[in-house]
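Working notes, structure below.
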2 protein chains.
Amino acid sequence: MARKTKEDAAITRQRIIDAAREVFAARGVSRTSIEHIASHAEVTRGAVYWHFKNKIELFYAMRDQAFLPFIDHIDAAALNEESEDPLSTIEQFFENTIQTLNHDAAIREIYEIMMVKCEYVDEFTAVLQQIVTNCHYFIEKLQLLYERAQQKGQLNIGLDPVALALDSHLFFSGLLHMWVKDSRAEGFRQQANTLIRQHIGLRKRAIP
Amino acid sequence: MARKTKEDAAITRQRIIDAAREVFAARGVSRTSIEHIASHAEVTRGAVYWHFKNKIELFYAMRDQAFLPFIDHIDAAALNEESEDPLSTIEQFFENTIQTLNHDAAIREIYEIMMVKCEYVDEFTAVLQQIVTNCHYFIEKLQLLYERAQQKGQLNIGLDPVALALDSHLFFSGLLHMWVKDSRAEGFRQQANTLIRQHIGLRKRAIP
DNA sequence: GTTTACATACAATCATGTTTGTATATAATA
DNA sequence: TATTATATACAAACATGATTGTATGTAAAC
């Protein structure tokens with residue numbers, strides 16, 4: 001087949017990434033061969049190997065399409081320094097993430113793949129470490145927000161922003177995991193927002 | 001080779017399970033071949049296929065060695081009805097689980113495999129569903145304990161046992177995940193007990 | 001004309017499930 | 001109690017298919 005224009009090539013590249021995501025989600029990363037991805041994207045393995053060195057490079061490309069926006073989302077929440085209501089900022093952040101999972105099938109698939117359809121061994125161990133690094137970054141931002149909430153008197157007395165940040169991170173991590181695992185929408189997915197509000201409610205200063 | 005006695009066969013079987021666990025932990029479930037397991041157990045594939053139909057049956061056998069005791073542990077905590085201090089029962093349960101992970105390398109490996117070294121697709125999707133079922137069971141027991149804590153006046157006023165149970169489950173689920181992922185003991189593992197106490201502390205009625 | 005963007009062909013492993021072979025533990029029988 | 005029959009606990013061989021990376025070919029864009 002003939003050479004394509006640069007824009008065409010970019011389209012092919014994205015098609016391959018999309019195909020990879022879909023096949024990963026259906027068959028798991030390990031059981032997915034380059035041929036599976038190629039035929040699903042309606043190209044040959046040659047095209048895949050042209051755009052990506054191997055499977056893990058493709059995996060990284062796919063991951064970035066969900067995680068770069070997520071980082072931006074975290075930063076946006078934390079950077080809003082003039083917010084009058086830091087506690088609500090946290091709550092909104094959690095709810096928005098769940099919203100995104102509900103509405104964006106691609107993002108949802110990427111989370112699913114990374115949480116229950118990928119084995120973090122060999123070349124993939126680095127991915128796990130990057131996730132952990134991101135978690136620490138996320139915890140930092142949560143701590144910042146809780147500190148601001150404390151300054152504004154939103155928190156119950158005696159609560160420590162550091163502890164709250166860690167606790168909220170574990171809560172949210174657990175929530176995402178349950179959300180993904182409960183793929184038949186048996187309840188958890190509908191309950192998510194309620195759970196978030198209750199979680200934040202636990203910290204909120206009682207209105208006298 | 002010759003036929004072994006029943007006890008010898010049982011030993012061989014357990015050796016194969018142990019070998020499977022070790023190789024799964026090192027290479028991930030998908031990348032592990034029956035031959036890998038066999039040679040690690042110092043038997044041939046024939047022995048493995050004699051004792052187990054295929055890889056997933058072996059996986060189930062391995063899993064049960066960690067999860068059956070875990071269920072018992074949950075039941076033991078919830079059945080202790082005369083406990084004067086249900087909140088501490090919960091706290092102890094969390095801490096004991098972490099203790100087990102710290103001291104029992106086999107259990108630790110099984111958790112690791114199930115959380116980050118296994119892809120839940122095809123024959124493995126059933127495993128995920130079973131995990132979710134177990135989670136719901138766990139949440140029920142937590143709810144029971146929180147109800148007892150409420151009756152004994154241990155909880156802060158206005159807290160709902162149902163909400164607390166879900167929140168604690170998410171916390172614990174997130175904690176286990178972080179514990180497993182933080183394999184280089186960079187902090188999370190040491191912090192676990194502190195986090196548990198703080199989490200429970202959030203619910204505890206302030207001593208007047 | 002050269003580089004790009006692929007398709008096609010090649011070579012080399014590797015894994016799976018099954019089948020067959022076999023020595024012996026164990027139960028049945030005499 | 002000694003003998004025999006059979007099921008057991010594997011090892012070894014077989015047949016088949018899948019996957020990977022690379023190497024080569026090619027037509028069109030630049």
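What you are looking at is a predicted structure, and each value in this text was computed from that prediction instead of being measured. These values consider heavy atoms only, across backbone and side chains, with no hydrogens, waters or symmetry-generated copies. Numbered from 1 within each chain, the chains take letters A, B, ... in sequence-line order.
- Dashed line: the shortest gap from a side-chain N or O of B/W50 to OP1 or OP2 of D/dA9 is under 4.0 Å.
- Distances from the side chain of B/H36 to the nucleotides C/dA15, D/dA13, D/dA11 place C/dA15 closest.
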Exercise. Please walk me through it: do B/R21 and B/E109 pass salt bridge (charged side-chain N to carboxylate O under 4.0 Å, His left out)?
Worked result: CA-CA 7 Å; B/R21 170 172 43 73; B/E109 271 178 354; 2.7 Å; yes
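- We find the CD-OH distance between A/E123 and A/Y60 to be 9.0 Å, quoted to the nearest 0.5 Å.
- The side chain of A/K6 approaches C/dA5 more closely than any other nucleotide in the set C/dC10, C/dA5, C/dT26.
- Set against C/dT4, C/dT18, D/dA11, the side chain of B/A47 has D/dA11 as its closest nucleotide.
- Between the CD1 atom of B/I34 and the P atom of D/dA11 there is a distance of 14 Å, rounded to whole Å.
- A donor atom on one side chain and an acceptor atom on the other are found under 3.5 Å apart for A/S168 and A/H199.
- Taking atom CD of B/E57 as the reference point, atom P of C/dT16 lies 15 Å away to the nearest angstrom.
- Ion pair B/D122/A/R27 not flagged as a salt bridge, since none of the NZ, NE, NH1 or NH2 atoms sits closer than 4.0 Å to an Asp/Glu carboxylate oxygen.
- Look at OH on B/Y49: it is 14 Å from C1' on D/dA11, rounded to the nearest Å.
- With respect to B/D167 and B/R203, a salt bridge is recorded, a charged nitrogen being found less than 4.0 Å from a carboxylate O.
- OP1 or OP2 of D/dC10 sits under 4.0 Å from a side-chain N or O of B/H51.
- At whole-Å resolution of the value, CD1 in B/I37 and P in C/dA15 are 11 Å apart.
- In this structure, B/R45 has no side-chain hydrogen bond (donor to acceptor under 3.5 Å, both in side chains) partners at least two apart in sequence or on a different chain.
- Within the structure, no pair that satisfies the ring pair (Phe, Tyr, Trp, His ring centres under 6.0 Å) test touches residues 10-42 of chain B, not counting sequence neighbours.
- Atom P of nucleotide D/dG17 and atom CD of A/E35 are separated by 16 Å, given to the nearest angstrom.
- The stretch residues 8-30 of chain B has no heavy atom under 4.0 angstrom from DNA chain C at all.
- Heavy atoms of A/T44 sit under 4.0 angstrom from at least one base atom.
- Across the protein-nucleic acid pair, B/I56 atom CD1 and C/dG17 atom P stand 12 Å apart, rounded to whole Å.
- Distances shown here put every side-chain N or O of B/K4 at or beyond 4.0 Å from the OP1 or OP2 atom of D/dA9.
- For A/E7 and B/V43, each mapped to the nucleotide of DNA chain D holding its nearest heavy atom, the one lying further toward the 5' end belongs to B/V43.
- Taking the side chain of B/R45 as heavy atoms from C-beta on, and the options D/dA11, C/dG17, C/dT4, the nearest nucleotide is C/dG17.
- Atom CG in A/N54 sits about 16 Å away from atom P in D/dT19, given to the nearest Å.
- For A/T5, whose side chain is taken as the heavy atoms from C-beta onward, the closest listed nucleotide among D/dC30, C/dA5, C/dA9 is D/dC30.
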